[in-house]
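One structure is given here, and the rest of the page talks about it.
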Amino acid sequence: MKQNNHQDLAVSILRIALGINIFLHGVVRFGANYSKFITWITDTFKDAPLPTWSVVAFAYAIPPVEATVGLLLIFGVFMLPTMLTGLGLMIVLMAGSCLIQNWEIVGLQMIYILLYTTVLFFFNYNHYSVDVLVRKK
């Protein structure tokens, strides 16, 4: 059996922490908060050079995508497509924030992008995950 090291543990902890954060971002927006979230996004992007229908459609998609990506990250399932989906979501959110010149939010979104790319960069150290357990069988 392979002896794991601190890098395996570190990347797994980062992946799980990012997963919990993203999962809860999505989950807390469901229920009564869902319509409030859609309204908030629509109002925030009302002056953006984007069609309203696209902003509304994207707003409806954000919570389920966040919840799904977060849950998959927590358990380490379908890691590569999950990481790319999370990165794609953050890049689109960042681009939207740039369009409305919300530079504070862009900075925070860049931190999330850095976290996703760090986990992706150390992908080969991802030894504590469902993907690895399935591959071993």
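Quick caveat: nothing in here was measured; it's all calculated off a predicted structure.
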(request) Determine whether more than 12 heavy atoms belonging to other residues, nucleotides or ligands lie under 6.0 Å from atom CH2 of W53. (result) no
(message) So for atom CZ, which belongs to F37, do other residues, nucleotides or ligands contribute more than 12 heavy atoms lying within a distance under 6.0 Å?
(response) yes
Is it the case that one hydrophobic cluster holds both [X] and [Y], taking links as side-chain heavy atoms less than 4.5 Å apart, direct or via other members?
X    : Y    : answer
I113 : F58  : yes
F122 : L114 : no
I20  : F78  : yes
I22  : L71  : no
F121 : I16  : no

Testing [options] for side chain to side chain contact (heavy atoms under 4.5 Å, CB included) with [X], which one passes?
X    : options             : value
I100 : T44, D47, L50, V106 : T44
L89  : L93, L87, V92       : L93
Y116 : V69, I91, L84, L14  : V69

(request) Verify, without hydrogens or angle tests, whether N102 (side chain) and S97 (backbone) share a donor-acceptor contact under 3.5 angstrom. (result) no
(request) Report yes or no: does T42 contribute a side-chain atom to a donor-acceptor pair with the main-chain N or O of T52 at less than 3.5 Å? (result) no
(request) Go through the steps to decide whether M94 and I105 satisfy the test side-chain contact (heavy atoms from CB on, under 4.5 Å), and finish with yes or no. (result) CA-CA 8 Å; M94 183 205 60; I105 296 299; over 6 Å; no
(message) Applying salt bridge (Lys or Arg N to Asp or Glu O under 4.0 Å) as the test, list every pair that has at least one member in residues 73-102; sequence neighbours left out.
(response) none
(request) Check P64 against A61 and note the closest heavy-atom contact, atom names and distance. (result) CD-O, 3.2 Å
(message) For a quick test of reading the model, state the closest non-hydrogen atom pair linking A67 to F23 and the distance between them.
(response) O-CD1, 3.2 Å
Any [X] side-chain heavy atom under 4.5 Å of [Y] side chain:
X    : Y    : result
V65  : T85  : yes
Y112 : N21  : yes
V55  : I41  : yes
V119 : L115 : no
R15  : V11  : no
M83  : L73  : yes

(request) Using the test ring pair (Phe, Tyr, Trp, His ring centres under 6.0 Å), find all partners of Y60 that sit at least two apart in sequence or belong to another chain. (result) Y34
(message) According to ring pair (Phe, Tyr, Trp, His ring centres under 6.0 Å), who are the partners of F123, at least two apart in sequence or on a separate chain?
(response) none
(message) To the nearest 0.5 Å, what is the distance between CD1 on I13 and CG on L9?
(response) 4.0 Å
(request) May I have the step-by-step check of side-chain contact (heavy atoms from CB on, under 4.5 Å) for R29 and E66, ending in yes or no? (result) CA-CA 10 Å; R29 292 176 175 157; E66 286 176 329; 2.7 Å; yes
(request) Please assess F45 against L99 for the test side-chain contact (heavy atoms from CB on, under 4.5 Å), listing each intermediate value before the final yes or no. (result) CA-CA 9 Å; F45 286 90; L99 288 173; 5.8 Å; no
